[in-house]
Amino acid sequence: MPGGVETMDLPAWNRALGLSQGPRHRNAMAHLDSEVKEECLREDLKFYFMNPCEKYRARHQIPWKLGLQLLKIVMVTTQLVRFGLGNQLVVAFKEDNTIAFKHLFLKGYSGVDEDDYSYSIYTQEDTYESIFFAIDQYHRLKNISLATLDYGENEEHRIGLKVCKQHYKRGTVLSPNATLSLDSDVEIDCVQLDLQVLSQNPQDWKQSSFFTLEFDRLLQVDISFRLQGIDLQTIRSRELPDCYVFQNTITFDNKAHSGKIKVYFDNAATIKECRDLNISGSIQKNTQYVLVFDASVIVICLASLTLCTRSIVLALRLRKRFLQFFLEKYKRRVCDADRWVFINGWYVLVIVSDLMTVIGSILKMEIKTKNLANYDLCSILLGTSTLFAWVGVIRYLGYFQAYNVLILTMQASLPKVLRFCACAGMIYLGYTFCGWIVLGPYHDKFENLNIVAECLFSLVNGDDMFATFAQVEQKSVLVWLFSRLYLYSFISLFIYMILSLFIALITDSYDTIKRYQQNGFPETDLQEFLKGSGHEGEHQREPSAFLSCTCCRRREGSDDHLILIN
């Protein structure tokens, strides 16, 4: 070597330092590497299960997700409120037009519907007058209506009324024995009355053979027509007006042949793009501001979606490391609950909320620019996403022991409550079917299965009990006695027994959580691994994130009562 320095190979250096290359040295190096790997994994796990404040104190990591969620809640709520106010105007406009149309086209309409139909007629003369009245009102619409309405084209691009009647192919009653001769095949005859026809002498089309009704075989008469309208009240909110197409149908229902014809009015309103609008003022500028705000909401939600997705991906990688290490060191697999604890359900909830907000915001922007008119779907998406966003706030309250009792109680009681509801639901369905088939003909609240289920649920909550008892018709003594036995047994069973047991399940879980908060929660394999570093004082936090995996703890025989929170 230059400079006279004697060189020495690596084995010589090791021998000079007294190091051996034997199995003992390799085992020591492997053990040291394993301890380093274990400590590194433990620190990563501790950091993952820290709350945002602890992460900031530990590594000065700014809680971006927390700040972004708070900002998102403010923006999403503001967006929802603005859209909700506009949606209220849309719904109110449709309802007001439906009421106005009933008063315009239904002869003798009192303003109060009879059950699920508008009103009833009982004579042939009233039937003819009601049909001709609707047709005449349609012809005179421009002279009598207070709304900004115009005639609309039907599917055949014609402006006018379409009248159809359904009747049996043949049906006569032969006197004096009242013998019925009937062919049950149904025929449908239709006639188109254009505005030009209606403008002529009314007697020409009124005396047509089509309007000679044979009530013995008449089933139904339908009068359908389209109208166009514009909602100008949105201008007050500095928004572009909506244009509507109203598909109106008046139905005279004689299917029962009971001497009473029920008259229905159906108004299907759809929003379409307004053409040739010339509105001056600040509406266009306000629309641009709203679109910019909606675009900002989409950007915020996409950023939140990216961060939460990244957290889940990192959690899955961390879980993989932990499962491999645990299997190598302890020669056994981690239980399923310890596996699932790495999947943060709150992140999944936020991701779903963000996706719904992005889709709903895009729909809202299309509605704002009048390219779409699906208010209902947009309302469902924005409303549900806002619900999930506010529910997600509970996650951050759960880091504090004084506020996380609700979350822990729900987690502990949910499995038992679901199993209990599955059993109670069988009894509930039995009462639903029984009440519908027996009391349906005699009680308005038992007419169909949906109404029966709603009525029974109201009884469970103590609503409208006396009215339910009193409205049972006493035409049949047997049915009246059965109704008393049915209602008394249902109320006694569900209020005094099933509902009490339901509350007891939740109360029991709450008492268990309070006891664990005082005496300590059962520890799982994962928690014991985290405490293995000997720095228990650094990790004495509320183990709410691990409550769901208490089934993984190594229980003794005396711990069977702890299955309560499994």
Side-chain angles (χ1 to χ4, degrees), residues 80 84 87-88 91-92 94-95 98-99 102 110-120 262 264-266 376 379-380 382-384 386-388 390-391 394 406 409-410 412-510:
L80 181 72
N87 195 24
Q88 286 181 354
V91 174
K94 292 180 180 180
E95 292 179 350
T98 300
I99 295 174
K102 287 183 178 182
S110 62
V112 179
D113 290 348
E114 300 179 12
D115 199 7
D116 57 344
Y117 54 92
S118 298
Y119 69 102
S120 302
K262 299 178 181 180
Y264 298 86
F265 185 92
D266 179 67
D376 294 336
S379 299
I380 293 174
L382 294 182
T384 307
T386 306
L387 169 64
F388 289 164
W390 279 98
V391 171
I394 302 179
L406 174 62
T409 304
M410 291 175 62
S413 61
L414 183 61
K416 297 176 297 179
V417 168
L418 292 179
R419 291 191 291 266
F420 181 82
C421 290
C423 297
M426 301 298 103
I427 305 176
Y428 190 86
L429 286 176
Y431 270 94
T432 300
F433 284 107
C434 180
W436 170 61
I437 195 64
V438 178
L439 302 180
Y442 303 95
H443 201 298
D444 293 340
K445 295 183 179 180
F446 293 84
E447 288 184 345
N448 57 59
L449 290 175
N450 182 45
I451 297 179
V452 175
E454 294 171 354
C455 174
L456 295 182
F457 189 79
S458 299
L459 291 177
V460 171
N461 292 277
D463 297 337
D464 212 18
M465 283 192 178
F466 178 76
T468 304
F469 278 94
Q471 290 180 10
V472 178
E473 298 180 8
Q474 301 185 14
K475 295 181 180 180
S476 174
V477 178
L478 181 62
V479 173
W480 184 85
L481 293 175
F482 176 85
S483 68
R484 265 47 193 170
L485 177 63
Y486 173 85
L487 293 174
Y488 279 123
S489 63
F490 176 82
I491 293 173
S492 302
L493 178 62
F494 273 83
I495 292 183
Y496 304 134
M497 183 180 295
I498 294 180
L499 188 59
S500 299
L501 290 174
F502 183 85
I503 298 175
L505 290 176
I506 301 176
T507 304
D508 198 12
S509 299
Y510 173 77

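In this structure, OH on Tyr496 lies 7.5 Å from CD1 on Ile491, to the nearest 0.5 angstrom. Between the OG1 atom of Thr507 and the CZ atom of Phe502 there is a distance of 10.5 Å, given to the nearest 0.5 Å. Rounded to the nearest 0.5 angstrom, Cys455 SG and Leu487 CG are separated by 7.5 Å. With rounding to the nearest 0.5 Å, the separation of CG in Leu414 from SG in Cys421 is 9.5 Å. From Asn461, atom CG reaches atom CG of Leu499 across 7.5 Å, with rounding to the nearest 0.5 Å. Residue Ser492 holds its OG atom at 11.0 Å from CD1 of Ile498, rounded to the nearest 0.5 Å.
Not counting sequence neighbours, the partners of Lys102 by the salt bridge (charged side-chain N to carboxylate O under 4.0 Å, His left out) test are Asp113. Evaluation of the salt bridge (charged side-chain N to carboxylate O under 4.0 Å, His left out) rule for Lys445 yields Asp464 as partners, not counting sequence neighbours. Every residue two or more places apart in sequence or in another chain that forms a ring-ring contact (aromatic ring centres under 6.0 Å, His included) with Phe469 is listed here: Tyr488. The salt bridge (charged side-chain N to carboxylate O under 4.0 Å, His left out) check on Asp266 picks up nothing, with sequence neighbours excluded. Contacts of Tyr442 classified as side chain to side chain contact (heavy atoms under 4.5 Å, CB included), with partners at least two apart in sequence or in another chain: Glu473, Ser476, Val479.
Counted within 6.0 Å of CE on Met465, heavy atoms from surrounding residues, nucleotides or ligands total more than 12; the atom is thus considered enclosed. Other residues, nucleotides and ligands contribute only 12 or fewer heavy atoms inside 6.0 Å of the OH atom of Tyr510.
At a threshold of 4.5 Å between non-hydrogen side-chain atoms, the residues Leu456 and Leu459 count as touching. Residues Val438 and Tyr486 form no side-chain contact, since every pair of their non-hydrogen atoms from C-beta on lies 4.5 Å or further apart. Using a 4.5 Å heavy-atom cutoff, the side chains of Phe490 and Ile495 are not in contact.
Across every non-hydrogen atom of Phe265 and Thr98, the tightest pair is CE2-O, 4.4 Å. Shown here for Val460 and Phe494, the closest heavy-atom pair between the two residues is CG2-CB, 4.0 Å. In terms of heavy atoms, Thr386 sits closest to Leu382 at OG1-O, 2.8 Å. Residues His443 and Thr468 approach most closely at NE2-O, 2.9 Å, considering heavy atoms.
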Which atom pairs, donor and acceptor, lie under 3.5 Å between side-chain atoms of residues 423-434 and protein residues at least two apart or in another chain?
from   : atom 1 : to     : atom 2 : distance (Å)
Tyr428 : OH     : Ala453 : O      : 2.5
Tyr428 : OH     : Phe457 : N      : 3.0
Tyr431 : OH     : Ser489 : OG     : 3.1
Thr432 : OG1    : Tyr428 : O      : 2.8

